[in-house]
Every structure is written in C-alpha cells, then in structure tokens.
Amino acid sequence: MKPLATMFLTLTLLRKGISGKQWIGKYRRPRQITWQMNRNTLRRLEREAETEYWISRPYMTTEQEYGHAAERRAQNWLQIKETKFAKFPEHKRITDHLSHLNITKTW
C-alpha cells in the first residue's frame, strides 16, 4: 500500500469514516496523482525554467537602456497633444458673446 492510502485507511478505521465531504476539509481523502497531472506539472516547470533563462540574459545593458526611448516617447506625447488641441474648440472673445447688446450704436 502507498503511504497516503495507509494514512487514509487509518483515518477511516479510527474515525469510522470521513466526516462531511471526503474531498474537502482537514481530514479529506487525498487525490490520486495521474500521469496527466505529472505531465502538466513537468510542462509548467519546463516553461518556467525557460522563462527564467531568458529573463536572466538582458537584451540591452543598463547603459544602453538608460534613456533609449526618450525621443520616441517625446514624439508620442507631441502627437497626443496635437490631437487633443485639434479637438479643442476655437477661442471666443467677450465681444462675440456680448455683440447682441450693441444695437444702439449707429457708427
């Protein structure tokens, strides 16, 4: 017998069955580990190891990385600002707002 199975058997014999649901709780029944579970765990660990490998080798040095995108970001900011100002309505003077009051001027 497997150690987990004997533990489960001991708990079952001593406690006269699992109280409540058998898959949840403190004295739950352990799940069987299938070959699919092993395969998925191995795949996940291999993927994680590959990710750590690529992360540990930087593409640029810290000197190259410092300020490398400043010009591009400045261009993007100017473009965003221009589009924002293009949507902005034209300025109106106070004379335009109050011109309807100018009915008595003859000259």
Side-chain angles (χ1 to χ4, degrees):
M1 272 189 175
K2 296 179 184 174
L4 288 176
T6 56
M7 187 174 76
F8 175 64
L9 180 63
T10 308
L11 280 174
T12 307
L13 292 174
L14 291 177
R15 293 179 51 87
K16 304 285 192 274
I18 298 172
S19 59
K21 303 238 180 217
Q22 66 175 337
W23 299 111
I24 61 173
K26 185 173 181 181
Y27 298 107
R28 65 178 168 257
R29 182 175 163 196
R31 284 179 62 191
Q32 287 287 337
I33 296 175
T34 61
W35 63 271
Q36 292 98 339
M37 295 163 110
N38 270 338
R39 180 198 60 202
N40 292 340
T41 304
L42 280 175
R43 282 183 181 171
R44 194 169 54 250
L45 289 173
E46 287 169 356
R47 188 181 314 128
E48 190 175 333
E50 184 182 357
T51 304
E52 285 181 10
Y53 170 81
W54 288 114
I55 288 175
S56 68
R57 287 154 180 75
Y59 179 72
M60 290 191 273
T61 63
T62 49
E63 293 83 20
Q64 290 173 328
E65 189 177 358
Y66 180 76
H68 77 283
E71 186 178 339
R72 178 179 52 83
R73 290 182 68 212
Q75 290 293 328
N76 284 348
W77 172 244
L78 286 176
Q79 185 179 5
I80 289 169
K81 213 160 75 166
E82 287 172 5
T83 57
K84 202 180 273 189
F85 278 119
K87 294 179 190 173
F88 199 76
E90 200 175 315
H91 289 299
K92 293 182 180 177
R93 309 258 186 285
I94 192 74
T95 55
D96 298 335
H97 286 288
L98 301 177
S99 62
H100 67 284
L101 299 175
N102 262 347
I103 55 170
T104 58
K105 283 192 175 177
T106 55
W107 55 281

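For the single chain, residues carry numbers from 1 onward in sequence order. We use all heavy atoms of the structure for the numbers below, so side chains are in, but hydrogens, waters and symmetry mates are not.
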In sequence, state the C-alpha distance, the side-chain angles, and the governing distance for Lys92 and His97, and then conclude on side chain to side chain contact (heavy atoms under 4.5 Å, CB included). CA-CA 8 Å; Lys92 293 182 180 177; His97 286 288; 3.7 Å; yes

Run the side-chain donor-acceptor check on residues 72-91: report pairs under 3.5 Å with partners two or more places apart or on a different chain.
unit_1: Thr83; atom_1: OG1; unit_2: Gln79; atom_2: O; d: 3.3
unit_1: Thr83; atom_1: OG1; unit_2: Ile80; atom_2: O; d: 2.7

Could you list the donor-acceptor pairs under 3.5 angstrom formed between side-chain atoms of residues 40-55 and any protein atom two or more places apart in sequence or on another chain?
unit_1: Asn40; atom_1: ND2; unit_2: Gln36; atom_2: O; d: 3.3
unit_1: Thr41; atom_1: OG1; unit_2: Met37; atom_2: O; d: 2.8
unit_1: Thr51; atom_1: OG1; unit_2: Arg47; atom_2: O; d: 2.8

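Shown here are the side chain to side chain contact (heavy atoms under 4.5 Å, CB included) partners of His68, two or more places apart in sequence or in another chain: Met60, Glu65.
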